[in-house]
Engineer: 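Sharing a structure below in structure tokens format, with a few things to ask.
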Amino acid sequence: MVSRVIPVDAFDLVLFGATGDLARRKILPGLFHRFVVGQMPQEARIIGSARSAMARDAFVALTRESLLEFSPTAREQGEALERFLETINYVQVDASGEEGWQTLAKALRAGTVRAFYLSVSPSLFGPIARNLKEHGIATDQSRIVVEKPFGHDLASARVLNAELLQNFDEQQIFRIDHYLGKETVQNLMALRFANSLWEPLWNATHVDHVQITVAESLGVEGRGEYYDRSGAMRDMVQNHLMQLLCLIAMEPPSKFTSDSVRDEKVKVIEALEPVAQSDIVRGQYRARDGNGSYRDHAGDPNSTTESFIAIKVNIGNWRWAGTPFYLRTGKKLRARTSEIAIVFRDPPHMIFPKMEGRRGNAMILRLQPDEGITLRNTIKEPGPGGFRLAEVTMDMTFADALTQDAAPQDAYERLIMDVIRGDQTLFMRGDEVEAAWAWTDPLIEGWQDAGLKPAPYDPGGSGPEDSLMLLHREGRRWREIEE
Ligand code: BG6
């Protein structure tokens, strides 16, 4: 089979925070996978950078170890692994001080695309950006990539934007939301804008409501300190779930360019209505069967941070007025599963006998596991004995429908290659992040001012009872959280 992978030009990628968890788990394995399929050329250079003194050999050994641990491909492709490691270098840099920058400058090649990946604390975004500029390392050909959290609220996001914009143009800034790199999320755009079937139905006249669920089975073990300052709202809703909502709700952009797409997403965020506290359910998982509670993991016996949140969101525009979007996400739930359900209205007049348990037409976009799209239809139950209805699912699982060569890649792989290509479509623009915080902040202030506490919930379920009620009281129900 002919590979459809198009190699990118040679690049120099400087990875700040190169010894950190994200670099080891996602970024280095992601680059390696692109190398194996021939997308990252042998002439590319990856320059790991961190505060600690380390010889090149030691960093190469660390990279080898990380790849063997986190990439099954690396365990199978020893020869490719060794060739990949040839592209690796290491420079010790003091992010906010003076040391190391000259050495880094010398390690980079003239005329090559430069990407600076900041897998570090946001407090270092500003200092690193400034140092890159002041030491003449950032060229017009350079890109800077920043990880979330992008701010803690609107004010801090504005500060981060200002710090970056002092030294880089918006066209050079790549704010990562790894959900945008997930295959189904990108497919949402293809589904909506490359087909004529769905667009006539994609509005409040035909869609009863939308459910967005991002459920995780793990708790916050090990990340308690960061998480306790964030909670599910800041950690997941302000960014990942917001992006999903935007892609479902946005108007068709006139072109598939980064700014046309992002312009439409910003309009959706600006159209989000304020949310009453009665439309928000927050939860916190409790201890069970010897497993610690959220508070144990967070290290604060009085924490009121939510590890689960469900919200009813209304979009105040012509397309969506009257169609609520229900968002929910949480830790320690029954399964790790993420999906979007577009639930359609019932036919206006039913001529058949009532079907017990009928749920009606729905399109389910499954993000993980088993990425794909299914469509729930009502049919006549086959066989004799009267006219009974049954529900069946039309299934388009990507793994079945596509060849192995086109099998979904990890979100990071796609996004890093987009950085090198200079394509910002799947990255958040500064105004977009700020708009998302502007909507999020008052909701958080609302529950803080009212002293509202999250409801305890059992691990392994679907969150607090009140989350079910959020839909029940309107005659709707969540889809089950299941693998
Ligand atoms: C991260 C959050 O952005 O996304 C984590 O900080 C969360 O708390 C993770 O677990 C979920 O990502 P994924 O790709 O595993 O669904």
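The basis for the numbers below is simple: all heavy atoms, side chains too, and nothing from hydrogens, waters or symmetry mates. As the structure lists them, so they are numbered: ligands from 1, and atoms in each ligand from 1. Numbers for residues simply follow the sequence, beginning at 1.
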Engineer: Do me a favour and list the nearest non-hydrogen protein atom to atom 6 (O) of ligand 1 with residue, atom name and distance?
Structural biologist: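 Of every protein heavy atom, Asp235 OD1, 2.6 Å lies nearest to atom 6 (O) of ligand 1.
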Engineer: Tell me: protein heavy atom nearest atom 10 (O) of ligand 1, and distance?
Structural biologist: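 Ranking protein heavy atoms by distance from atom 10 (O) of ligand 1, first comes Glu216 OE1, 2.5 Å.
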Engineer: Looking at Gln368, which atoms of ligand 1 are within less than 4.0 Å of one of its heavy atoms?
Structural biologist: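 Once the distances to Gln368 are compared, the set is 13 (P), 16 (O).
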Engineer: Distance to 0.1 Å, residue and atom name: give those for the protein heavy atom nearest to atom 12 (O) of ligand 1.
Structural biologist: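 I find the closest protein heavy atom is His178 NE2, 3.2 Å.
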Engineer: Name the closest protein heavy atom to atom 16 (O) of ligand 1, giving the residue it belongs to and the distance to 0.1 Å.
Structural biologist: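 The protein heavy atom lying closest is Tyr179 OH, 2.5 Å.
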Engineer: Quick one: pull up OG in Ser307 and OH in Tyr285 and give me the separation to the nearest 0.5 Å.
Structural biologist: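 With rounding to 0.5 Å, OG (Ser307) is 6.0 Å from OH (Tyr285).
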Engineer: Distance check, rounded to the nearest 0.5 Å: Asp12 atom CG versus Ser142 atom OG?
Structural biologist: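 One gets 9.5 Å once the value is rounded to the nearest 0.5 Å.
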Engineer: Under 4.0 Å from a heavy atom of Lys331: which atoms of ligand 1 are those, numbered in the order shown and with their elements?
Structural biologist: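 Under 4.0 Å from Lys331, ligand 1 has these atoms: 5 (C), 7 (C), 8 (O), 10 (O).
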Engineer: Which ligand 1 atoms, with their elements, are less than 4.0 angstrom from a heavy-atom of His240?
Structural biologist: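 Near His240, the atoms of ligand 1 are 1 (C), 3 (O), 4 (O).
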Engineer: To the nearest 0.1 Å, how far is atom 15 (O) of ligand 1 from its closest protein heavy atom, and which atom is that?
Structural biologist: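 For this ligand atom, the closest protein heavy atom is Arg336 NH2, 2.8 Å.
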Engineer: Thinking salt bridges, do Glu371 and Lys182 make one under a 4.0 Å N-O criterion?
Structural biologist: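 Salt bridge absent between Glu371 and Lys182.
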Engineer: Lys148 heavy atoms, cut-off 4.0 Å: which ligand 1 atoms fall inside?
Structural biologist: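 Matching atoms, with element in brackets: 1 (C), 2 (C), 3 (O), 6 (O).
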Engineer: What residue among Arg262, Arg175, Gln171, Arg429 forms side-chain hydrogen bond (donor to acceptor under 3.5 Å, both in side chains) with Gln424?
Structural biologist: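 By the side-chain hydrogen bond (donor to acceptor under 3.5 Å, both in side chains) criterion, Gln424 pairs with just one of Arg262, Arg175, Gln171, Arg429: Arg262.
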